[in-house]
Amino acid sequence: MTEQDGLTVGRTATLVGVSVKTLHHWDAVGLVRPSARTRSGYRVYNADDIARLHRVLVYRELGFPLSEIGRLIDDPDADAHAHLTRQRRELRDRIARLEHMVSAVDRMAAATRGGMQLTAEEQIEIFGSDWNPEWVDEAAERWGDTKQWAEYRERTTDLTPQDWQQAAAEHETLHADLAAARQAGIEPGSAEANTLAERHRATLSRYFDCTHSMQVCLGRKFVEETGYTEYYDALAPGLAAWLRDVIFANAAAHGVDPATAVWE
């Protein structure tokens with residue numbers, strides 16, 4: 001048998017991506033029947049049959065029942081445009097319901113995890129388009145077994161989106177002040193620099209008890225880890241290294257040796 005004779009049920013099923021059982025069912029209900037025969041008498045699908053199958057698949061993907069698909073294809077008076085317009089409206093409604101369900105699942109997952117109870121969309125809206133919601137999961141994986149992460153979860157679980165908006169605004173103000181101090185040439189160890197270091201530590205202590213020694217450990221990361229460096233240096237050139245030095249000098253003023261400080 002050649003392809004010019006037509007395609008068997010098995011080859012047709014492979015071509016259009018459905019099961020042989022499905023093709024047999026569509027044949028039985030009169031939706032798509034193999035209309036050609038080989039010289040040996042086998043029923044096969046010709047080019048017109050394959051084209052009809054593709055139309056059926058499109059309508060089925062859109063959610064039309066088989067009975068309605070047959071009428072749309074065979075009835076010359078059927079208003080396909082009206083049917084498609086209605087189906088589009090129903091699909092939009094279904095998408096809206098699914099998006100609502102996704103948000104609900106996100107909230108349930110956040111509730112079981114503890115900590116920030118914001119969806120990915122809310123995080124981006126509050127923290128800006130540069131925020132990556134995956135950072136929360138990465139932080140949980142990195143520090144999830146620590147005492148500080150347990151404190152973070154306890155302190156943030158009940159925070160509302162409005163609370164996070166306020167926190168984000170305070171962080172933005174602090175970062176703007178840090179960048180301005182760096183650009184103004186404020187020296188690490190000066191009274192103004194030490195005040196900024198304490199403000200920085202206070203923002204961290206909102207989520208966990210951050211000692212001067214722990215702040216030093218974080219300060220090291222500002223220049224050792226590319227992500228931190230790029231973030232701070234985007235605010236002001238050299239800000240990452242300057243902030244580290246500010247933290248180090250302030251810690252030393254409080255009796256902590258930056259060279260030997262450890263995470264407590």
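Residue numbers start at 1 and run along the sequence shown. Being a predicted model, the structure only gives us computed values, none of them experimental.
Residues Thr229 and Phe222 form no side-chain contact, since every pair of their non-hydrogen atoms from C-beta on lies 4.5 Å or further apart. Looking at heavy atoms from C-beta onward, Val18 lies in side-chain contact with Arg60 at the 4.5 angstrom threshold. The shortest side-chain heavy-atom distance between Leu15 and Tyr45 does not fall under the 4.5 Å cut-off. Between Leu7 and Val44, every side-chain heavy-atom pair lies at or beyond the 4.5 Å cut-off.
For the pair Thr38 (side chain) and Tyr42 (backbone), a donor-acceptor distance under 3.5 Å is present. Formation of a donor-acceptor pair under 3.5 Å by the Gln215 side chain with backbone atoms of Ala197 is found in this model.
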Go through the steps to decide whether Leu235 and Tyr231 satisfy the test side-chain contact (heavy atoms from CB on, under 4.5 Å), and finish with yes or no.
CA-CA 7 Å; Leu235 300 176; Tyr231 174 80; 4.2 Å; yes
Evaluate the ring-ring contact (aromatic ring centres under 6.0 Å, His included) criterion for residues Phe248 and His212: first the C-alpha distance (whole Å), next the side-chain angles of each, then the deciding distance (0.1 Å), finally the verdict.
CA-CA 9 Å; Phe248 281 15; His212 290 96; over 10 Å; no
Evaluate the criterion side-chain contact (heavy atoms from CB on, under 4.5 Å) for residue pair His175 and Tyr232; output intermediate values, then yes/no.
CA-CA 8 Å; His175 289 163; Tyr232 282 110; 4.1 Å; yes
Report the C-alpha separation of Val223 and Tyr228 in whole Å, then their side-chain angles, then the decisive distance to 0.1 Å, and conclude whether the side-chain contact (heavy atoms from CB on, under 4.5 Å) test is met.
CA-CA 7 Å; Val223 294; Tyr228 284 112; over 6 Å; no
Applying side-chain contact (heavy atoms from CB on, under 4.5 Å) to Leu159 and Thr156, what does each step give before you reach the verdict?
CA-CA 5 Å; Leu159 294 185; Thr156 60; 4.0 Å; yes
Derivation of the side chain to side chain donor-acceptor pair (under 3.5 Å) call for Gln166 and His171:
CA-CA 9 Å; Gln166 181 180 348; His171 279 283; over 6 Å; no
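By the side-chain contact (heavy atoms from CB on, under 4.5 Å) test, Val29 pairs with His25, Leu31, sequence neighbours left out. With sequence neighbours left out, Ser19 forms a side-chain contact (heavy atoms from CB on, under 4.5 Å) with Lys21, Thr22. Legend: residues meeting salt bridge (charged side-chain N to carboxylate O under 4.0 Å, His left out) with Arg220, ordered by chain and number and at least two apart, are absent. Judged as a side-chain hydrogen bond (donor to acceptor under 3.5 Å, both in side chains), and not counting sequence neighbours, Glu230 has no contacts. Scanning for side-chain hydrogen bond (donor to acceptor under 3.5 Å, both in side chains) contacts around Arg55 gives an empty result, with sequence neighbours left out. By the side-chain hydrogen bond (donor to acceptor under 3.5 Å, both in side chains) test, Arg43 pairs with Asp27, sequence neighbours left out. Qualifying side-chain contact (heavy atoms from CB on, under 4.5 Å) partners for Asp245, counting only residues two or more places apart in sequence or in other chains: Pro188. Evaluation of the side-chain contact (heavy atoms from CB on, under 4.5 Å) rule for Thr211 yields Ser213, Met214, Glu264 as partners, not counting sequence neighbours. Qualifying salt bridge (charged side-chain N to carboxylate O under 4.0 Å, His left out) partners for Glu68, counting only residues two or more places apart in sequence or in other chains: Arg86. Partners of Gln183 according to the side-chain hydrogen bond (donor to acceptor under 3.5 Å, both in side chains) rule, which considers only residues two or more places apart in sequence or in another chain, do not exist here.
Other residues, nucleotides and ligands contribute only 12 or fewer heavy atoms inside 6.0 Å of the CD atom of Glu141. In Arg88, the CZ atom is not crowded: 12 or fewer heavy atoms of neighbouring residues, nucleotides or ligands sit closer than 6.0 Å. Within 6.0 Å of CG on Asp93 lie more than 12 heavy atoms contributed by other residues, nucleotides or ligands. Within 6.0 Å of CD on Glu151 lie more than 12 heavy atoms contributed by other residues, nucleotides or ligands.
To the nearest 0.5 Å, atom CD1 of residue Ile124 and atom CD of residue Glu121 are 6.5 Å apart. Between the CG atom of Asn194 and the CD1 atom of Ile186 there is a distance of 11.5 Å, given to the nearest 0.5 Å. Taken from CG in Leu23 to CG in Leu53, the straight-line distance is 6.0 Å, to the nearest 0.5 Å. Between the CH2 atom in Trp242 and the CG atom in Asp233 there is a gap of 12.5 Å [rounded to 0.5 Å]. For the atom pair CG (Asn250) and CG (Leu196), the distance works out to 10.0 Å, reported to the nearest 0.5 Å. Here the CZ-CD distance, from Phe127 to Gln165, works out to 9.0 Å after rounding to the nearest 0.5 Å.
For Glu224 and Lys221, the salt-bridge test fails: no basic side-chain N is under 4.0 Å from an acidic carboxylate O. Using a cutoff of 4.0 Å between basic side-chain nitrogens and carboxylate oxygens, Asp163 and Arg206 are not scored as salt-bridged.
Sequence neighbours left out, the pairs with a member in residues 251-263 that pass side chain to side chain donor-acceptor pair (under 3.5 Å) are Gln148-Trp263. For residues 180-195, no residue pair satisfies the salt bridge (Lys or Arg N to Asp or Glu O under 4.0 Å) rule, not counting sequence neighbours.
Heavy-atom minimum distance, Ala193 versus Val246: O-CG1, 3.3 Å. The heavy-atom pair separating Ile50 from Thr12 by the smallest distance is CD1-CG2, 3.5 Å. Nearest heavy atoms, Leu72 versus Tyr59: CD1-CE2, 3.7 Å. The nearest pair of heavy atoms linking Val256 to Ala261 is CG1-CB, 3.9 Å. Between Leu57 and Val16 the shortest heavy-atom distance is CD1-O, 3.6 Å. Nearest heavy-atom pair across Leu174 and Arg199 is CA-NH2, 3.5 Å.
If you check the side chains of Asn46 and Ser35, you find a donor sitting under 3.5 Å from an acceptor.
Two rings, from Phe208 and Tyr152, have their centers 6.0 Å or more apart.
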